[in-house]
There are 2 protein chains.
Amino acid sequence: MTKYVYFFGDGKAEGAAAMKPLLGGKGANLAEMTNIGLPVPPGFTISTEVCDYFYKHKKSYPGTLKKEIESSLAKLEKMMKRRLGDEKNPLLVSVRSGAAVSMPGMMDTVLNLGLNDTSVQGLVNQSGNERFAYDAYRRFIAMFGNVVMGIEGSKFEEKLKAAKKKRGVENDTELLADDLKALVQEFKAVFKAQTKTDFPQNPKEQLQRSIDAVFGSWNNERAIEYRRMHQIGDLLGTAVNVQSMVFGNLGETSGTGVCFTRNPSTGENYFYGEFLMNAQGEDVVAGIRTPLPILNLQEVMPDAYKKLLKVRSLLERHYKDMQDIEFTIQDRELYLLQTRNGKRTGAASVRIAVDLLRQGLINDRIALTRVDGSSIEQMLFPILSEKSKQHAELVGTGLPAGPGAAVGRIYFTAKDAEHAFEAERAAAKRENRKADAIILVREETSPEDIKGMKVSVGILTARGGMTSHAAVVARQMGKCCIVGCSAVEIAEDNSHCAIGGRKISKGDWLSLDGTHGQVFLGNLEVSDSEVMQVLDGKIKPEKSEVFAYYDTMMKIADKYRTLKVRTNADTPRDTRRARQFGAEGIGLTRSEHMFFDDERIIEVRKMIFAAEPYAKFRRAIAVFERKDQLSRDDQAKLAQLRKESKEPERQFRAAIEKIYKFQRDDFEGIFREMDGLPVTIRLLDPPLHEFLPRKDEDDKIKKIANELGVSTEEIKHRIVSLHESNPMLGHRGCRLSITYPEICVMQVRAIIDAACNVAKKKTTVIPEIMVPLVAEKKEFDYLEKMIRETADGILAKRGVKLHYLVGTMIEIPRAAVMAAGIAETAEFFSFGTNDLTQMTYGFSRDDVEKFVGEYIEHDILAADPFQTLDQKGVGQLIAMGIERGRSTRSDLKIGICGEHGGDPASVVFCHNVGMNYVSCSPLRVPTARIAAGQAKVRELEASFGKRSKASRKGKKSLRAKRS
Amino acid sequence: MTKYVYFFGDGKAEGAAAMKPLLGGKGANLAEMTNIGLPVPPGFTISTEVCDYFYKHKKSYPGTLKKEIESSLAKLEKMMKRRLGDEKNPLLVSVRSGAAVSMPGMMDTVLNLGLNDTSVQGLVNQSGNERFAYDAYRRFIAMFGNVVMGIEGSKFEEKLKAAKKKRGVENDTELLADDLKALVQEFKAVFKAQTKTDFPQNPKEQLQRSIDAVFGSWNNERAIEYRRMHQIGDLLGTAVNVQSMVFGNLGETSGTGVCFTRNPSTGENYFYGEFLMNAQGEDVVAGIRTPLPILNLQEVMPDAYKKLLKVRSLLERHYKDMQDIEFTIQDRELYLLQTRNGKRTGAASVRIAVDLLRQGLINDRIALTRVDGSSIEQMLFPILSEKSKQHAELVGTGLPAGPGAAVGRIYFTAKDAEHAFEAERAAAKRENRKADAIILVREETSPEDIKGMKVSVGILTARGGMTSHAAVVARQMGKCCIVGCSAVEIAEDNSHCAIGGRKISKGDWLSLDGTHGQVFLGNLEVSDSEVMQVLDGKIKPEKSEVFAYYDTMMKIADKYRTLKVRTNADTPRDTRRARQFGAEGIGLTRSEHMFFDDERIIEVRKMIFAAEPYAKFRRAIAVFERKDQLSRDDQAKLAQLRKESKEPERQFRAAIEKIYKFQRDDFEGIFREMDGLPVTIRLLDPPLHEFLPRKDEDDKIKKIANELGVSTEEIKHRIVSLHESNPMLGHRGCRLSITYPEICVMQVRAIIDAACNVAKKKTTVIPEIMVPLVAEKKEFDYLEKMIRETADGILAKRGVKLHYLVGTMIEIPRAAVMAAGIAETAEFFSFGTNDLTQMTYGFSRDDVEKFVGEYIEHDILAADPFQTLDQKGVGQLIAMGIERGRSTRSDLKIGICGEHGGDPASVVFCHNVGMNYVSCSPLRVPTARIAAGQAKVRELEASFGKRSKASRKGKKSLRAKRS
């Protein structure tokens, strides 16, 4: 018979930390804490398998569950020497959710369960505190009403406000017992009015319906949204924890708090957290009252504080990681309600891991895997520049909940923020500019705001502490966040706010310094982070503690990783930056990136418009030139063609020659910056019409027409003739080099001439010429010959010795399949996973938004395959391409240059399939280095750590037997 | 030492028929004919390896070649007892090309080589015929001038015409010896004027330069074009045959002819061909003089005719196939110059194979492989309807060189035909109609006209016989063709022609009956072929000889083949037709095909325009419906949404309901026609915007706007919002069914309701519901569930028992890779090779024309992958999909429904990879049956015919050693 309920209490628990999938994070940790001797209120956990059963059986339960709950409850009552609903000595319990992965605030909780009109008297009796008892009862009614029955919280809030007004007080704690007694009646009335039923008096019914509600909350909208956002899949469901209540609101000798064993924002090693006296846990988390820093507890209640410090150290030594704990002090007695690995910012994760390493609690491999792939990036995020801060108006300060800088237009509701984001994005696309960023300003945030937070670069709240919803979620999203900024007052209609007395309207600019909790008026300049400043030589490394942490972590990653990390860079500036971040070469320079400069685009357009007529002549002439013998007539025709082709050819070659110079100079700059490291340059890739003005851009068309000496009609006609139905699958990539060999030759000349020029000045140049969009070996061979002939001709003429490679992108499914043949002539492969994903899925990146939302909603896709590499499908083609390529050329150099090259999960995949390098945007280079190091460490663990593997297997088979 | 030259003569040859790759078709057959004792003028063959060497070594020759040629020439001189250039008894030779695959008229030939100012006297001496000798000499000068020096033939023709005019005669044969003597001087003058050199008098130099010219002609433009058109690759090159001349122009006891051992147009078993007295071979082929039917030879020269009949029968018994022979009679003595398997029409190939089978010369397996895959289709081609012929004006008759009917607009040059074809195709696309066809009308055709012939549906020439260039090429292209229609007179400026005195201008309509050689004015109606009429029951099978041949061949194919053949059909009419052609079910019904009817498209557009607003409401409502508990506020919001959604929903559902009825009725018709056979119906596939009017089609937009009660602006706005950047990779296929489940449900209802309705009337229905464009298992699973719920609901409600399948198309690369998972739920796979080719290659079918021409020109692609399946690349994904699909479902039904399903080579591939069926358009069903039978026969041969395989291997290794 499957066991569904796991008991914990009195120093002994049926569960353990390792049973997270079954008991959820909270349940497993309650068991673990109990086992290691921490003061945990006893209770029991209903397993996640029940949740799974619940949803698979039309929200019903396994037949044996009821009995298990009853016997556990009996055990609990016996242990606590109290009975649920007892009129003299009642047991009160909490009912909480808890999945294997923490989803803070997403699911439901019911507290003070067991109270009714009778047992409330028992509680008075038990606590000797009538006020407390009725306060607990009214809270229970409201919570049950809200969570179980779906009554809006405001219905109860209104009554509470009225009661306070009537009594003439401001805080809930100032209400008297009689006020609360009356409130209980009013709350019951609200309950009846809203639900047409009486508030249930039977505690067993209360318990059952609360359990139903918690299981039900697993699939509420915000929980689903949260799981989608965090790509949490494959969980069975939530567990439900039923635990005897302890009370932080039993008067001024009681209290409750939430702490981190270290600062979760910076990672600094001091006890960090908040507490509220005479309060229940949710008062701290919800941010309704601003709590006190935990240090103050030393004064308020020195014994409890001392115990808490012991708990802190015990937990860190046990879990070997920073912990996030909830505690309650009931009548000076400390109880631990929860512990879990604390969420932290990227910067904090680095610092904590390095500090734990220095303390000897973990080794460097573990330290490395403690850092979330992309979190290292947060240390590089820009901050508000000191200069602009000096001239700006500081209008408020708050708690620095998420570091970095945010500059954007403010909105006061999540919906407004979402709409503004969409509208701005569309406008920016239309006007061809960068979209203005959004900042969400709220009284406080709640799970309903998640979508609005997602589209914002920064979050500012008027209330709440460092552990409030806004703070926790923002840290996790890696967003700049300031909470508890009491200077903020938001107008009721959400049209404007006042900050420090200054009125700021919806859509106005605001700047946040999330590292220092400062709020400034206007659109401030941002500048580099401390790590960036060290990298730039503006601060000496030894002067920067932050840099030391960054550097230690990067060195650990580099110590282990075998995968090289290159960068995608199109300019000398990006190249320099990427090298500072540790790039070991360039994996992708888009040779056409330089075409878009104002000065250049006109030449590019001239080239394109001259290309077509010239190419027609060229082809006609070639027909005659292929003949062995030319008759008189043929000779005349040929002469005529040659004559007519002169002007188009002159125009075409003149434009090409100008572009050649631009390109050569750019490549020189890049080669210089990458001295000694390889530089991969991709030949022209996008379809030519991408460089043209739109048919309705009359000014631009006129300009071109004048320069080329043709009519605007002619230009419009050519724009139309270059139009394609499916440009992604059209005349682009190497197909352009085949139809316009002059352009290919020009680009190769620019690359090799630039390399020669730079090589003469003692720079070591390693050019890698990359042919895009190859589908067939002969395509590559044709161009490879052209490229080598051009390059070798220049090298011979200039007398320069230079080793260069010619390789190809593998971005078309057929190329992956035919890789063995292509590798016969290609010296390297670079997987272009953007295009490969498009064609393997048949998804156009530009159109996918029309259906991908519903795909994720219906769980058809777990994630956007353009963000995270589809390892199962696209990944197979990559693995096939690598295996087949190496089958004919064992030393084939293989990398990736799609945007996946900077996605940590994808980097791990690239390591596992045996690539030589990944290439990503400069800012993601450190992320890729970390991920590559982690991949290697995991590989080492997998091959050497057989003991742990075996134990995991044991667990798995146990689970298999049980279910 | 490699042997390069192979001698033949006097009943003994160094070569044999099996040495085709090395000696070319002509050389191998001259050797073979010599060996079997036929009277072949002796000579020698320079192998194709020399051609290969020639092009690989800058047009130079192997060092040992010269010696070999000299010794062979000496042997020939000895055998013939004549010497090249001898002043008394000169040897004359021909120099001809001959590749392993016949390329008629594509490469160069030089005749009468060895004549000069001295040896011409020897020829006078030898033949006792001065006229003949000078005629040969003037011919040789013109041919050498044209072929070797590139002088235009017209330069010589003008002089010849002038001479005839001067003499006042019409035929060349009427010129006297003195005229020809003078002509020789004039031709030499032309030669000198055009080339600035004297006509070479040294016979060895003549020979060497002629050999150069023939090897050079291997890569002339028309030969390259021919090889491309016929997908001839991988040949080493051409061989060169040097053979002693025999003369058909030695007076009225000499002649020359070209014959087929059977009628190549109909396949009838009688001796068929043409001859000209006192003429050389090229006079017959070039069509300058219209020759006499071979039967007439019986009267003119009964002995020679009797010998020829013996040769005919000897050849057929030796080669076991219809032969195409060239002969010359010199002074009543018969010589065979060439034999090869004769080219024939599709209909003839069927008849000849069946007749040879009946004669016992071949077995049924060989008979089957004798038919070119698509040739059977020619028996089904429409003909001009008798009724329309009765009312039409017959303006001329000619030789029926290519059967069938052609109705089109006439053009008089290949260039004009090509241009008209392009312009008409573009106009038709613009105006959304079928393009008018083109007919090419020429005096005679030459290899330069090939492109023009390609774009035409029919060819009409004024001159030439059944073996003329036009006739041979047209038969091979499967085009309707009439040659030698002397009623045709074409104006010099190619602006019009007169046929039977009626003036017909460029662009006017003409109708050809290629079966009977009749030319009609105007645009005649076409009707069904004889086979079609039998299939339609209009003629009794036993009354039709033609049908008996067709039927015998199809029965042989069906006896062997294991691959089923289905059809792609969208209407009951197509379905019926396909069944007549032997289709064993429907592999693809495009459910949206029926949307384009005038009456329906408006409903479809209404559905599309209502879909978007409705879907928005549906999604908003679903958010609330997912909640377990609704607060009062939520309830109010939900009620409001439901209210607002009513009108869009009503419009959407009303449109859907109308379409449901159309679809159900159509499906009923199709099911009835396919009684007892499976019918695969594909759910909506194309992106919705394909059904919309263009943004500038104001009338249509206004109509929609009125019907929907919204503004035209709103409609235009929605058209824009439905626009996609890459529709091929966009919101289409199953993605539509997921975002608009109502449409999917409607289509399933229509299918199942139709099936129930028809099943109740005793029709056996086997519906197979096909989900298009699946990339991911979950996508299919999601829809499969929806489809089954809908279908099972209807079946239960209606109490009908019906077995239906739910399967998917495999047309996205990822689906092929992930096929194992998809096959867990999919009951069948159908490979959509059009899309699969697009995505595997990254080629948009609509845009590929921009570069595919150059790809084929540069030999990067051998063929258009949309025409013939790319077995190496796309084929691997198909094989992978099949293997993986069957790994989880061993009885998975697998077919193909792309347009490749009717391409013979692709059908063979489908058989080889283990598909269950192919599906193709109705007219290609017989082709696919033949190809499937051939595939099986070849498979049987491969597994049992080890002897022949071993011998082939032997040859290969011999070749490897030698080269």
Side-chain angles (χ1 to χ4, degrees), chain A residues 148-152 194 213 216 219-221 619 623 626-634 724-731 735 738-739 773 775-776 778-779 782 811-814 817-818 835 838-844 846-848 850-851 854-855 858-861 870 872-874 876-877, chain B residues 148-152 194 216-217 219-221 224 623 626-634 724-731 735 738-739 773 775-776 778-779 782 811-814 817-818 835 838-844 846-848 850-851 854-855 858-861 870 872-874 876-877:
Chain A
V148 180
M149 310 302 290
I151 304 169
E152 271 186 80
Q194 294 287 324
N219 275 345
N220 68 31
E221 201 197 352
R619 284 169 212 150
V623 167
R626 267 198 299 274
K627 289 193 182 178
D628 289 330
Q629 301 279 348
L630 287 181
S631 69
R632 282 284 171 97
D633 273 20
D634 285 351
E724 294 183 300
S725 305
N726 297 284
M728 275 300 167
L729 306 176
H731 194 185
R735 299 161 197 174
I738 287 171
T739 49
L773 220 71
E776 158 61 40
K778 286 182 183 171
E779 226 174 3
Y782 183 85
E811 52 187 336
I812 286 187
R814 194 175 187 278
V817 173
M818 305 296 281
D835 267 300
Q838 287 201 106
M839 293 176 208
T840 304
Y841 261 104
F843 282 180
S844 159
D846 298 323
D847 305 308
V848 77
K850 292 201 165 130
F851 55 88
E854 297 214 34
Y855 267 55
H858 296 312
D859 196 29
I860 292 167
L861 286 178
D870 161 45
K872 284 194 293 187
V874 178
Q876 275 194 59
L877 285 178
Chain B
V148 180
M149 309 303 289
I151 302 169
E152 271 187 77
Q194 293 287 325
S217 68
N219 273 345
N220 69 30
E221 201 197 353
I224 290 172
V623 167
R626 266 198 298 275
K627 291 191 182 180
D628 288 330
Q629 300 280 347
L630 287 181
S631 69
R632 280 283 170 100
D633 273 20
D634 284 351
E724 293 184 301
S725 304
N726 297 285
M728 274 300 166
L729 307 176
H731 193 184
R735 300 162 196 172
I738 287 170
T739 50
L773 220 70
E776 157 62 40
K778 286 183 183 171
E779 226 176 1
Y782 182 85
E811 50 187 337
I812 286 186
R814 196 177 185 278
V817 173
M818 306 295 282
D835 268 300
Q838 286 201 110
M839 292 177 208
T840 304
Y841 261 104
F843 283 179
S844 159
D846 298 323
D847 304 308
V848 78
K850 291 200 166 132
F851 54 89
E854 298 216 31
Y855 267 56
H858 297 312
D859 196 29
I860 292 168
L861 286 179
D870 161 45
K872 285 194 292 185
V874 178
Q876 276 194 59
L877 286 177

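Letters A, B, ... are given to chains in the order of the sequence lines, protein chains preceding strands, and every chain is numbered from 1. Small disclaimer: the values here were computed from a predicted structure and weren't measured.
A/M818 touches chain B through its side chain: at least one heavy atom from C-beta onward sits under 4.5 Å away, while N, CA, C and O do not. Residue B/V848 does not touch chain A at all, counting heavy-atom pairs closer than 4.5 Å. In this structure, chain B has heavy atoms under 4.5 Å from both the backbone and the side chain of A/Y841. At a 4.5 Å heavy-atom cutoff, the contact between B/Y782 and chain A is made by side-chain atoms alone. The parts of A/E724 that come within reach of chain B are both its backbone and its side chain, each placing non-hydrogen atoms under 4.5 angstrom from that chain. In this structure, chain A has heavy atoms under 4.5 Å from both the backbone and the side chain of B/Q194. Interface remark: A/D835 contributes no atoms to any contact with chain B (heavy atom separation under 4.5 Å).
Of the listed residues (B/V874, B/I812, B/I860, B/D846), the greatest number of heavy-atom pairs within a distance under 4.5 Å of chain A belongs to B/I860. Interface remark: of the candidates A/D870, A/L773, A/L861, A/L877, A/D870 forms the most heavy-atom pairs closer than 4.5 Å to chain B. Most heavy-atom pairs under 4.5 Å with chain A: of the set B/A775, B/G873, B/G842, B/P727, this distinction falls to B/G842. Per-residue heavy-atom pair counts under 4.5 Å with chain B were compared for A/T840, A/V817, A/N726, and the maximum is reached by A/N726. Comparing A/Q876, A/M839, A/R735 by how many heavy-atom pairs each has under 4.5 Å with chain B, the most go to A/R735.
From A/E854, atom CD reaches atom CD1 of B/I738 across 9.0 Å, with rounding to the nearest 0.5 Å. To the nearest 0.5 Å, the span separating CZ on B/R814 from CZ on A/F843 amounts to 8.0 Å.
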